[in-house]
Protein chains: 2
Amino acid sequence: MGTVGKAISLLELFSVAEPELGLSDLSRRSGFDKATTRRLLVALTGHGFVEQDAGTRHYRLGAGLSRLARIREARFPFLQTAVPLVRELATATAETVHLSEFGIDRLVTVHVEHPSWANRVNVDIGQLLPLHSTASGIAYMAFARDETVKACLAGPLDAFTAHTLVEPAAISRSMDEARERGYSICDQGLEEGVISVAAAILTADGFALGTIAVAAPKARTAAADIAQRGLAVMAAAREISMRLNGDNLQILRRQA
Amino acid sequence: MGTVGKAISLLELFSVAEPELGLSDLSRRSGFDKATTRRLLVALTGHGFVEQDAGTRHYRLGAGLSRLARIREARFPFLQTAVPLVRELATATAETVHLSEFGIDRLVTVHVEHPSWANRVNVDIGQLLPLHSTASGIAYMAFARDETVKACLAGPLDAFTAHTLVEPAAISRSMDEARERGYSICDQGLEEGVISVAAAILTADGFALGTIAVAAPKARTAAADIAQRGLAVMAAAREISMRLNGDNLQILRRQA
DNA sequence: GATATCCGGTTCATTATTTGAACCATTATT
DNA sequence: AATAATGGTTCAAATAATGAACCGGATATC
């Protein structure tokens, strides 16, 4: 791995659950020497990608990241556009709704709305979702470029639960169904007791750039609920796609 | 400069005005060799910090940045908290309102609301503001750590206009006034014909983490307007600080 | 209250990575 | 048809990254 890769993988050790980490911790988890880790942190700090707490001397993600993320957002107002509709969908369904964007080979959770239930599906911002074992992933692949789908089906397909689909053919079928239906369904593919529906959000070229999904405990989900949530998530995804692409319906033919 | 520094400075070439750049362009502007530039871009792309347009082959900032920025935001909900108040202030003043966060040695613009006037002050997201020559910078330094202030006053103090304060003593006085008044005023310090007021947003330890500012064309700004905007921006800053710090008023003594 | 660990941070000879001029293959311009 | 861009690649030479051992200080542990 090159040096920049190492630096970035240091950044990726931070999460919502652990937003601040010490030098030794970072060194241990990354597997890099303490001296190396520190040198990388200093470089990152110098450009505002990392900040160091003056008191605890622990490190956290820096404002430079927010800056670049905002520049990206300005060009590509995915969050701004989508968040209101995520909120709407969350109130309408009273279940967890999460929004993801594709990155490299997985989906990145960029926004979440949780219901007030104590028993709910919890999703963290920044959480990474595999393509083959989540409703979001299936919905995404149903409208992704062939190469992306091929890469996913070729790669290792982990079975997270007894229900996870690991046969390329089965996954492919699941994608076809999602395309016809307008939304994907994933029954406990990533975790026992969780059932999700998702729909793809499309760019102007008709390919998916992300997804919106509703995730709920299976215990309080009847067949009718799935259909209802599916239609709602589909409508939300379409609305977001249209707002992003200037109501250019013609381009959305693939989804219809 | 180390390799990670180079990689990051590549990222910093992207802006709201130029969100997509080609390989040669990046190589030219960064001063790095084309081969080096590309190797860095490949490394960045591999971690989702950069994406390449399939058609134009141009590069743009990637989703990985959004992910990390959101993780940061989750711990430190500066934007979420502040944006509604920025909006309010923008409608109340009918002028440009911008929100900044401190990074390394300058303020980073993280949110902007523009009025509907054709003649308005334009500020871009991601724009960097020097500390000594902006209302935001003065407001920030009025509540910054001594080391930050010292570093700023020691460094080169560019005169952007004939009105820019470049004497450390004058800048220091300006900070004192801002502290007493509750908001800073900067009269054409960065650009001719622009007058701004700003107030610091404080963390729980009483130090500034960012600022909120109102910027307007001097042509339509009377003395009374300045006072009015100043009080409004001060109130907004205080409200944001309180919401961030859980209404812990005691800690805000420094500002009062 | 002394001992042993942890911590963040630093050093410098060894080692591995980064570098860049010259090189393609394509795609606009002229 | 020629020219000059573009994105992308190669490999010996130059440079930067590495990590074991080190320091001083703060916390546990006995």
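Reckoned from all heavy atoms, side chains included, excluding hydrogens, waters and symmetry mates. Below, chain A is the first sequence line, B the second, and so on; all start at residue 1.
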Pair partner, C:dT30 [Watson-Crick or wobble, under 3.5 Å]: D:dA1

For the pair made of CZ in A:Arg57 and P in D:dA26, what is the distance, rounded to whole Å? 11 Å

B:Arg75/A:Glu20 ion pair, N-O < 4.0 Å: yes

Straight-line distance of B:Leu40 CG to B:Thr45 OG1, nearest 0.5 Å: 10.0 Å

Is there a side-chain polar atom (N or O) of B:Arg38 under 4.0 Å from OP1 or OP2 of D:dT9? yes

According to the interplanar angle, ranging from 0 to 90°, do the rings of A:Tyr140 and A:Phe102 count as parallel (below 30°), tilted (30 to 60°) or perpendicular (above 60°)? parallel

Show your reasoning for whether side-chain contact (heavy atoms from CB on, under 4.5 Å) applies to A:Leu23 and A:Lys34. CA-CA 7 Å; A:Leu23 173 60; A:Lys34 201 153 47 105; 4.0 Å; yes

Rounded to the nearest angstrom, tell me the gap between atom CE in B:Met1 and atom C1' in D:dA17. 16 Å

Can you tell me how far P of D:dG7 sits from CZ of B:Arg39, to the nearest Å? 17 Å

Could you list by number each residue of residues 22-34 of chain A showing a heavy-atom separation from DNA chain D of less than 4.0 Å, or answer none if no residue does? A:Asp33

Using a strict 4.0 Å threshold on nitrogen-to-oxygen distance, state whether A:Asp176 and A:Arg173 make a salt bridge. no

State whether B:Glu18 and B:Arg29 are salt-bridged, where the test is any N-O pair (Lys NZ or Arg NE/NH1/NH2 against Asp/Glu carboxylate O) under 4.0 Å. yes

Interatomic distance, CG@B:Leu128 vs CZ@B:Arg106, rounded to 0.5 Å, equals 4.5 Å

N-O pairing of A:Arg72 and B:Glu51 below 4.0 Å: yes

Please tell me which of A:Tyr59 and A:Gly2 maps to the more 5' nucleotide of DNA chain C, matching each residue to the nucleotide holding its nearest heavy atom. A:Tyr59

Heavy atoms of chain B, cut-off under 4.0 Å: which first and last nucleotide of DNA chain C, 5' to 3', fall inside that, if you could look? C:dT18 to C:dA21

